[in-house]
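These notes concern the structure reproduced below.
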Amino acid sequence: MNVHSVEEVRKMSVVAPATGKVIAEIEETPVYEVPFFYQKARESFGNWSGLAISERIRYLKNLKQLMVDEMDQIAKIISDDTGKVLTESIVADIMPTLDAIDHIIRHAEKVLSRKKVKTPLLLIGKKSFIEYMPRGVVLVISPWNYPLQLAMVPMISALAGGNSVILKPSEVTPLVGKCIEDLFRRSGFPEGTVQVAHGGKEVGAAFTAGKPDYIFFTGSVRTGKIIQQQAAKDLIPTTLELGGKDPMIVFDDANLDRAVKAAAWGAFTNSGQVCMSAERLYVQKSIYGKFLEKLKKEVNSLQQGTDLDSDIGSMTFPGQKEVVKAQLDEAIERGAKLETGLKPSDWKGDMFLPLTVITEVKQDMKIIQEESFGPLLPVVPFDTEEEAIEYANGTVFGLNASVWTRDKAKARRVASRLVSGAVVINDVIITVANHGLPFGGTKESGIGRYHSEAGLRIFCHEKAIMEDMGFMKSEIQWYPYKGKYPLFLKLFQSYFAEKRDWLNFAKNYIALLKRNK
Ligand code: NAD
């Protein structure tokens with residue numbers, strides 16, 4: 001029972017970033033309620049985990065249908081809360097969520113069902129299986145840039161496996177958090193199976209300390225490290241999906257027009273607030289000048305705004321503007337050249353930042369080494385394949401990358417040498433859209449993978465089971481050992497020989513069995 005007074009509940013004002021207007025107020029979850037959330041989640045876990053996967057899938061089907069019916073309203077909520085244009089809300093946030101639900105509906109039963117695996121001959125008479133047992137209560141903490149899919153995809157993956165889920169969505173986009181809560185409630189999920197706690201880092205920290213059975217975190221490297229430290233205290237397993245500084249490498253034999261359009265979209269979609277944005281563009285010297293001219297023309301043709309035909313909306317989080325500003329100021333001070341966009345001192349002051357292509361940057365600048373998460377695109381020329389790979393691998397991140405060339409062998413060779421969770425050839429970002437592929441980072445871009453089969457199994461304990469009929473009185477490797485050593489020696493030598501010696505294997509096995517009598 002909640003013994004605290006209503007006055008203690010804090011409210012968060014929701015400001016639409018594109019207009020600066022307050023559009024709602026949302027109650028923050030008081031941290032004293034954290035134990036009640038966990039209690040409820042644990043109570044519901046018993047029933048939910050006891051359902052057959054096919055029964056849990058029925059709830060996901062309800063959820064999917066509701067989202068299809070209300071797609072337009074959901075897109076508007078996302079756009080109001082983030083400032084992104086409606087086209088991006090539907091294409092890059094709602095569609096991937098629905099596709100993930102679809103994928104899970106089609107594959108979860110097969111992926112999470114008990115599986116028979118081979119039993120080696122040395123273990124004659126036994127059968128082996130793998131079972132997937134839900135972990136319990138999964139805590140999902142999500143960011144603001146794709147507030148729907150980055151919360152819902154881990155949630156539905158965990159739910160399919162039989163876990164109950166607590167979501168702590170970003171305080172920067174609380175309307176979407178409310179919308180998710182409402183969608184699950186109206187899809188009929190049992191009480192306590194899905195709960196949403198609203199608030200910022202204090203609320204997130206309180207839930208992290210509340211001892212969930214698994215933490216799925218998407219957000220910055222800084223917060224990821226804090227969460228991993230807290231989780232380590234109680235040996236709580238985690239998945240961390242963190243930042244990126246993705247390189248795009250364009251060789252001189254690439255389809256230039258396509259690469260130019262891809263660079264503009266890859267860098268500026270969602271105002272560059274994409275963990276897999278093209279954040280560094282490396283172009284081979286022989287085409288550098290031509291490429292840059294085409295890129296400037298393309299970028300200058302893009303429309304920023306809020307109407308249906310706009311290409312790029314506003315930034316979402318005011319704090320992110322400061323990160324972009326600091327990187328740009330340092331680069332300009334150290335001699336970098338603006339090809340498009342404005343100096344930060346000339347910015348208008350609203351949340352629409354100029355789309356900035358910048359050259360003459362150095363590898364040790366923040367703009368190359370740190371995540372920008374904004375509409376900045378530094379362009380750097382390179383000479384050789386080796387140099388491009390060295391540049392691309394030269395940061396602490398490794399989330400996604402792209403390689404542009406018509407030479408398939410070169411593309412695959414370079415892709416294989418990039419230290420990156422994913423690589424796209426002649427396209428950008430798109431690996432994330434295939435739910436059959438694993439998603440996750442290397443180095444400081446994160447720990448673990450989701451999407452794909454792995455994304456369902458991480459939320460389960462993988463349990464090994466062996467069955468014996470239990471007819472025999474004893475096993476050959478049990479006591480007593482008397483007289484068994486020479487028989488085992490011959491048994492293993494015959495078994496592991498380059499060409500198996502079946503005769504000696506059988507002879508010694510039978511001799512060992514007789515010793516058991
Ligand atoms: P953030 O780390 O500031 O916040 C993410 C979430 O963590 C929010 O819900 C926040 O309230 C919560 N949080 C903050 N401090 C916490 C604490 N001490 N304990 C528990 N929870 C805490 O990140 P952000 O600014 O919301 O998101 C942007 C970052 O997310 C970027 O770095 C971006 O690259 C990354 N990101 C990664 C992926 C990916 O899949 N790899 C996807 C999207 C965004």
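Atoms within a ligand are numbered from 1 in the order they appear, just like the ligands themselves. Treat the numbers as computed from the prediction; the structure is a model and nothing was measured.
- Of all atoms in ligand 1, listed by their number and element, those nearer than 4.0 Å to a heavy atom of P169 are 9 (O).
- Put simply, CG on L399 and NZ on K245 are 13.0 Å apart, with the number rounded to the nearest 0.5 Å.
- With hydrogens and angles ignored, the 3.5 Å screen pairs a side-chain donor or acceptor of S164 with a backbone N or O of A41.
- The residue from F373, F439, F217 that puts a heavy atom closest to atom 7 (O) of ligand 1 is F217.
- In terms of protein heavy-atom proximity, atom 15 (N) of ligand 1 is closest to K201 CB, 3.1 Å.
- Aromatic ring centroids of F373 and W144 lie under 6.0 Å apart.
- The CD1 atom of I389 lies 6.5 Å from the CD1 atom of I249; values are rounded to the nearest 0.5 Å.
- Using bins of under 30°, 30° to 60° and over 60° for the plane-to-plane angle, the ring pair Y38/F207 lands in the tilted bin.
- One option in T173, L150, T208 has a heavy atom closer to atom 43 (C) of ligand 1 than any other, and that option is L150.
- Of all protein heavy atoms, the one lying nearest to atom 35 (C) of ligand 1 is G219 O, 3.1 Å.
- Here E444 pairs with K225 in a salt bridge; the nearest charged N to carboxylate O distance falls below 4.0 Å.
- Distances from ligand 1 to the non-hydrogen atoms of G441 include no value under 4.0 Å.
- Salt bridge K76/D72: present, at least one basic N to carboxylate O contact under 4.0 Å.
- F189 and Y59 have tilted rings, their planes meeting at an angle from 30° to 60° on a 0 to 90° scale.
- Between T223 and ligand 1, a contact under 3.5 Å exists for at least one N or O pair.
- Using 4.0 Å as the threshold, G446 has no heavy atom nearer than that to any atom of ligand 1.
- Between F382 and Y282, the distance from one ring center to the other does not fall under 6.0 angstrom.
- Of all the heavy atoms of V274, none lies under 4.0 Å from any atom of ligand 1, so neither backbone nor side chain is involved.
- Considering only non-hydrogen protein atoms, atom 21 (N) of ligand 1 sits nearest to G204 CA, 3.6 Å.
- Taking a cut-off of under 4.0 Å to the non-hydrogen atoms of A205, the atoms of ligand 1 that pass are 19 (N), 20 (C).
- Residue E371 places at least one N or O, backbone or side chain, under 3.5 Å from an N or O of ligand 1.
- Among protein heavy atoms, the minimum distance from atom 26 (O) of ligand 1 is reached at W144 CD1, 3.1 Å.
- For ligand 1, the atoms closer than 4.0 angstrom to any heavy atom of K168 are 8 (C), 9 (O), 10 (C), 11 (O).
- Ionic pairing of D364 and R334 is present here: one or more N-O contacts between side-chain nitrogen and carboxylate oxygen are shorter than 4.0 angstrom.
- Taking every non-hydrogen atom of G243 and a distance limit under 4.0 Å, the qualifying atoms of ligand 1 come out as 32 (O), 34 (O).
- Side-chain contact check for E241 versus Y450: some heavy-atom pair is nearer than 4.5 Å.
- A salt bridge does not link K11 to E28: none of the charged nitrogens lies less than 4.0 Å from a carboxylate oxygen.
- Looking at G199 next to ligand 1, no N or O pair under 3.5 Å apart turns up.
- Looking only at heavy atoms of the protein, atom 18 (N) of ligand 1 is closest to I226 CG2, 3.8 Å.
- Under a 4.0 Å criterion applied to the non-hydrogen atoms of S142, ligand 1 contributes the atoms 6 (C), 8 (C), 9 (O).
- Every atom of ligand 1 with a heavy atom of E241 under 4.0 Å away is listed here by number and element: 37 (C), 38 (C), 39 (C), 40 (O), 41 (N).
- Ligand 1 has no nitrogen or oxygen under 3.5 angstrom from a nitrogen or oxygen of N145.
- Not a single heavy atom of G319 sits under 4.0 Å from any atom of ligand 1.
- Considering backbone and side-chain atoms alike, T218 places every N or O at 3.5 Å or more from each N or O of ligand 1.
- A salt bridge between E109 and R106 is absent, with no side-chain N of the basic residue lying under 4.0 Å from a carboxylate O of the acidic one.
- Within the 3.5 Å criterion, the main-chain N or O of L148 finds a donor-acceptor partner in the side chain of D93.
- Salt bridge status for R280 with D246: absent, with no side-chain N to carboxylate O gap under 4.0 Å.
- In terms of protein heavy atoms, atom 23 (O) of ligand 1 is closest to S220 N, 3.4 Å.
- Closest protein heavy atom to atom 42 (C) of ligand 1: C275 SG, 3.2 Å.
- Nearest non-hydrogen protein atom to atom 41 (N) of ligand 1 is L242 O, 2.7 Å.
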